[in-house]
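Before any comments, here is the structure.
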Amino acid sequence: MASSLIFRASRRFLKPSSSVSLHLANFNPLSSAQQFATQNRNPTLNPPFKPPQLQNYNFEFRKTVGSLSNFHLVAHVSTWPSKENKNQSGSVSSGGGGDATWVDLYLPKQVQPYARLARLDKPIGTWLLLWPCIWSITMAATPGHLPDFKMMTLFACGALLLRGAGCTINDLLDRDIDTMVERTKMRPVASGLLTPFQGLCFLGFQLLLGLGILLQLNNYSRVLGASSLLLVFSYPLMKRFTFWPQAYLGLTFNWGALLGWAAVKGSLNPSIVLPLYASGVFWTLVYDTIYAHQDKEDDLKVGVKSTALRFGDSTKEWITGFGIACVGGLALSGFNAEIGWPYYASLAAASGHLGWQIWTVDLSSRADCNRKFVSNKWFGAIIFGGVLAGRLSS
């Protein structure tokens with residue numbers, strides 16, 4: 001009798017929908033449960049029974065039996081994929097297996113390889129190149145006044161173009177090495193998506209636009225800016241000859257600390273810009289050494305060098321020293337520029353951020369090394385906020 005009532009209730013509440021055909025006309029929960037239990041006494045010989053019509057749906061039956069008068073049977077059909085099926089389906093990815101970026105979503109297919117070549121999908125490099133320029137421009141501002149917004153805009157565009165040009169040069173020179181490194185093997189030139197000739201043409205286009213920006217500056221800045229190209233073109237070769245390519249990158253990436261001041265003042269003040277430039281070089285040694293730990297196994301196989309390989313297990317001691325030197329250079333530069341007290345409060349906060357990176361980074365984890373590396377955009381932002389507040393209060 002109870003079995004009959006259950007059968008009628010199941011037919012009432014589990015009516016097939018138009019979107020999901022479940023063929024439950026002959027379905028009896030109690031008999032099916034007994035059959036399932038019988039089949040699973042020996043799961044090796046009798047694998048669990050799962051009707052093919054119900055493979056992708058989760059069924060949940062809840063029953064409360066008090067008496068026949070208050071008997072309830074509730075069936076819930078979930079049309080969402082099960083956890084197993086969801087894991088199998090994966091997520092939207094872009095070629096190399098990562099999450100899709102704005103380059104994949106919004107740019108035309110023909111343009112995407114060039115955007116990736118210039119690393120437009122990874123703006124952290126542009127931020128790291130831009131911050132020393134912005135620090136310098138803001139330090140050069142008249143006390144009590146905001147920095148030159150037009151100059152900051154020009155340097156922002158220049159940083160985007162110069163960083164892209166540097167990446168293009170790097171990928172052209174390293175295309176054979178990149179194919180042997182897990183993190184870089186899918187780059188446009190290394191993967192064959194772009195030919196070296198196409199890369200060279202794109203490099204010429206970037207440098208032409210960069211020249212247009214450089215011509216907006218004074219003559220002193222034009223010469224100083226053009227001289228940085230020697231560093232830009234030679235940096236990719238350094239990893240072949242020295243364990244200190246990160247130091248060479250620091251000399252290249254922080255050239256804006258000199259150029260920003262010159263663009264505003266028309267000359268250099270060594271007591272201010274040299275400590276600022278040196279602090280940027282030490283900062284680069286911190287973040288790029290952390291970054292280099294992502295590739296240390298591949299670098300050993302390929303035969304290229306880095307500070308990550310040079311320092312090994314002593315990396316944290318080395319980058320702690322570099323971090324102290326960075327903060328010391330920033331303090332000296334601010335003192336010589338006669339910046340107000342908010343700068344030093346900001347410098348203390350930035351020191352805490354740098355210490356957090358060094359203390360907590362897991363150098364054996366590629367993901368954590370990348371997270372700490374990317375977080376340096378906030379270090380640069382904190383310093384900028386301090387320079388701006390200090391200049392306005394001085």
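Everything quoted here is computed from the prediction, not taken from an experiment.
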Of all heavy-atom pairs between [X] and [Y], which one has the smallest distance, and what is that distance?
X    : Y    : result
P245 : Y235 : O-CE1, 3.4 Å
S271 : N336 : O-ND2, 2.7 Å
I339 : M139 : CD1-CG, 3.7 Å
W261 : S267 : CD1-O, 3.1 Å
L332 : P275 : CD2-CG, 3.9 Å
C369 : Q294 : CB-CG, 3.9 Å

Angle between ring planes, W283 versus Y287, binned at 30° and 60°: parallel, tilted or perpendicular?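 Perpendicular.
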Classify the ring geometry between H353 and F379 as parallel (under 30°), tilted (30 to 60°) or perpendicular (over 60°).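 Tilted: the ring planes of H353 and F379 meet at 30° to 60°.
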Keeping the roles fixed (side chain from [X], backbone from [Y]), state whether a donor-acceptor pair exists under 3.5 Å.
X    : Y    : result
S346 : I382 : yes
Y344 : G390 : no
S221 : A263 : yes
S136 : L258 : no
K316 : W359 : yes
K377 : V374 : no
D295 : A292 : no
R187 : R183 : no
W255 : L229 : no
T289 : V286 : no

Of [options], the residue whose pairing with [X] passes side-chain contact (heavy atoms from CB on, under 4.5 Å):
X    : options                : answer
L224 : L259, L214, N218       : L259
F155 : D148, L160, I213, L217 : L217
V304 : L309, V181, D299       : D299

Flag for R391-S394: side-chain donor and acceptor within less than 3.5 Å =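 Checked: S394/R391 side chains pair up, N/O donor to acceptor below 3.5 Å.
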Next on the checklist: The test is side-chain contact (heavy atoms from CB on, under 4.5 Å); show your working for H293 and K372 and say whether it passes.
Outcome noted: CA-CA 11 Å; H293 270 272; K372 297 302 190 297; over 6 Å; no
- Task: Could you check Q112 against D104 for side-chain contact (heavy atoms from CB on, under 4.5 Å), going step by step and ending with a plain yes or no?
- Result: CA-CA 7 Å; Q112 289 179 13; D104 305 291; 4.0 Å; yes
Got [X] and [Y] here, is their nearest side-chain heavy-atom distance under 4.5 Å?
X    : Y    : answer
R163 : R119 : yes
F202 : T168 : yes
M238 : W244 : no
L388 : L392 : yes
R116 : D171 : no
L354 : F322 : no
D178 : R175 : no
N370 : Y291 : yes

ILVMFWY network linking [X] to [Y], side-chain heavy atoms under 4.5 angstrom:
X    : Y    : value
L209 : L200 : yes
L300 : I177 : no
W378 : W131 : no
L194 : V111 : no
L193 : L120 : no

For the [atom1] atom of [X] and the [atom2] atom of [Y], what is their distance to the nearest 0.5 Å?
X    : Y    : atom1 : atom2 : value
L249 : D288 : CG    : CG    : 5.0 Å
I358 : I290 : CD1   : CD1   : 6.5 Å
S228 : F253 : OG    : CZ    : 11.5 Å
L161 : L129 : CG    : CG    : 10.5 Å
Q246 : I319 : CD    : CD1   : 11.5 Å
S306 : F311 : OG    : CZ    : 9.0 Å

Other residues, nucleotides, ligands: >12 heavy atoms within 6.0 Å of [X] [atom1]:
X    : atom1 : answer
E297 : CD    : yes
W341 : CH2   : no
F205 : CZ    : no

Q: Could you go through the side-chain contact (heavy atoms from CB on, under 4.5 Å) check for V302 and R240 one step at a time?
A: CA-CA 10 Å; V302 175; R240 295 166 170 81; over 6 Å; no
- Message: Is the distance between the ring centroids of Y277 and W135 under 6.0 Å?
- Response: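 No; Y277 has its ring centre 6.0 Å or more from that of W135.
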Quick one, Y248 with K239, criterion side-chain contact (heavy atoms from CB on, under 4.5 Å). Give me CA distance, side-chain angles, the key distance, then yes/no. CA-CA 10 Å; Y248 203 85; K239 66 174 80 66; over 6 Å; no
